[in-house]
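See below for the structure under consideration.
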Amino acid sequence: MRDRLERDFQRFQREWPRAFPDHVRDTYRIDLTARCLGETIPHPIGKGSGQLSLNPAQLEDDAAAGLAFTVLKTVIAQDETGGRSMAAWAIHETRMKLERRPAADGRPGWSVTWKGRGWDRSLEQYLALVRAGREFTRAGTLLVVPSVKYHLPRLDEPFRDAEYRYTTERLAGAWGEPPLLLEQDFSPTLAGDSLAQDRAQILRWLREAPGRIRAAAPLPVRIAVKLMNARFDDGFQVAMMDATTADTLVCFNRLFDAERKVAYGGWDLSARNLRVLDRWTSATPGLRPGSEPGLCGTGNICSGRMILEYARRGCESVQLHTFFQLPLSEYPAARGARTQRALHALVFHPRDGLIAGLLELETQGKLGRQGGLLRFLDIAAHAHCPG
Ligand SMILES: Cc1cc2nc3c(=O)[nH]c(=O)nc-3n(C[C@H](O)[C@H](O)[C@H](O)COP(=O)(O)O)c2cc1C
C-alpha cells in the first residue's frame, strides 16, 4: 500500500484523476464518502466562502479538479428597497496578502491578511452566480452553496424580518428544487465589532436566526451556521454551539487580531478550534453522525492529517481557504490549477495525506474495516463515543 501510494503521488503530479475517490476506493479499499449540510459528497474536502468563490471561472476550476463542494462568497442580506442593516460588511477591497504568521508556540503557519468583508456587488449579480453554481450541482460535478450575512440585532431590538424574507426568497428563486441549502456567516470582523461584545446578544442570534431564515424561506431549507471565534473563552464557544438551532455547524471562522484589526489563521486557529471541538464532543456522548447538528471543520487545514484531526472531533467534511492560496512552489505538483494541486497534496501525500493518515489509523487499531472498506465517515462516528 505504501509503495503504491508513493507511486500514485508521483504519477498524479502529472496526470490528475478528477474521479480520484473511485481510484482510492478501488486501490486502497478506502471509502472517502463524506457529508455536508446533509448531502452525501464523494470526499470531505471543500472550499470555504471567500475570495476564491466569486465567479463561475473559479467554480469551473473547482469542478474540474474534483473538489467536493464550494461555499460562495458571503452576500449581505437586503430588503426589497435595497436596505441593508449590515451594509458595513459590503465594503470593496481587492488586495490580499499571504503572510507567514507564527503561532503563540512559535510554529510558522500561513495566514491571509485582507481588509475586505462581504460580497461588494449587487444581489442580482450574486443570484447569477448562484444560478451558475446550480448548473454544476445539477451536473453532479460540484455542490455549490450560497452564504449570507443577515441582520443581527441588539438585545432590545427586533430582527429585521424584511431582510430575511427578501434575501431568502430571492435565493430560493435562483436555487430551484428544494431543499435550499445555505450557510449563515458570523464573521471574525463581527467578533471584533461592538455588536459582539455581549454574550446574551450572541446566544440570542444563534437561537433565533435559523428560525427566521426557515420562516422566510418559501422552500424547505437546510442551514449551516458558520460560527465565529468570539472573543470570549472556550466555554462560551461551546455555549454558542449548544445554542444554535442550525442543521450544521461550521467550526470555526478565523480569529480576530484586535490590535491590527484583521482576521487571521494559522496554528493558533486550529489549536483553538480543535480544543473547543474536543470539549463539545466529550460533552455530547452518543450523538450519531447524520444526526443534527452535523459538523464541518474549518481553520488551518493544510494536510490530510489535519483533516483527520477535525474528523476525529466529529467533522464530516471540511472547508479550506488559505491552503488554496499558497505560493505555487509550496505544492508538490508542478502543474494544474491550484485547487487540483492542493487536492493532490491533501489526499496523496505519502506522509501527511489523507490516505496515509487513514492507513496509519488502521495500523494503530484505531479504525477498522467494514465490509473490507476503511470508511472516512466512521472516524466522525467514533467522535462521540465515550472514551
Ligand atoms: C481572504 C478571505 C476572505 C474570506 N471571506 C469569507 C467570507 O466572505 N465569508 C465566510 O464565511 N468566510 C470567509 N473567510 C473564511 C474562510 O472561508 C475560512 O473559513 C477561514 O479562512 C478558515 O480556513 P483557512 O484557515 O483554511 O483559511 C475568508 C477567509 C479569507 C482568508
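Ligands are counted one by one from 1 in listed order, and the atoms in each one are counted from 1 as well.
The nearest heavy-atom contact from the protein to atom 2 (C) of ligand 1 is H321 CE1, 3.7 Å. Among protein heavy atoms, the minimum distance from atom 12 (N) of ligand 1 is reached at K226 NZ, 3.0 Å. Scanning the protein heavy atoms around atom 15 (C) of ligand 1, the nearest turns out to be N253 OD1, 3.3 Å. Taking atom 20 (C) of ligand 1 as the reference point, the nearest protein heavy-atom neighbour is R254 CG, 3.5 Å. With hydrogens left out, the protein atom closest to atom 27 (O) of ligand 1 is T322 OG1, 2.6 Å, a heavy atom. Looking from atom 9 (N) of ligand 1 to the surrounding protein, the closest heavy atom is T74 OG1, 2.6 Å. Closest protein heavy atom to atom 23 (O) of ligand 1: T298 OG1, 3.3 Å.
Identified under the salt bridge (charged side-chain N to carboxylate O under 4.0 Å, His left out) test for residues 295-305, with sequence neighbours left out: R305-D352, R305-E360.
Annotation: ring-ring contact (aromatic ring centres under 6.0 Å, His included) contacts of H344 (sequence neighbours excluded): F9.
Applying the side-chain contact (heavy atoms from CB on, under 4.5 Å) test between R313 and each of L274, L295, I379 identifies L274 as the sole match. Checking R25, R369, R375 one by one against D31, the side-chain hydrogen bond (donor to acceptor under 3.5 Å, both in side chains) holds for a single residue, R25.
With hydrophobic clusters built from ILVMFWY side chains whose heavy atoms lie under 4.5 angstrom apart, F323 shares a cluster with F12.
The distance from ligand 1 to the heavy atoms of G299 drops below 4.0 Å at these ligand atoms: 22 (C), 23 (O), 25 (O). Remark: ligand 1 atoms within the under-4.0 Å shell around heavy atoms of V112 are 31 (C). Listed by number with element, the atoms of ligand 1 under 4.0 angstrom from any heavy atom of G50 are 4 (C), 5 (N), 6 (C). Near K73, the atoms of ligand 1 lying under 4.0 angstrom from a non-hydrogen atom of the residue are 5 (N), 6 (C), 7 (C), 8 (O). Short contacts between ligand 1 and D185, defined as distances under 4.0 Å to a heavy atom of the residue, involve ligand atoms 9 (N), 10 (C), 11 (O).
The distance criterion of under 3.5 Å between nitrogen or oxygen atoms is not met by W114 with respect to ligand 1.
Among S49, C302, G48, the residue whose heavy atom lies closest to atom 28 (C) of ligand 1 is S49.
Taking 4.0 Å as the cut-off between side-chain N and carboxylate O, E208 and R212 count as a salt-bridged pair.
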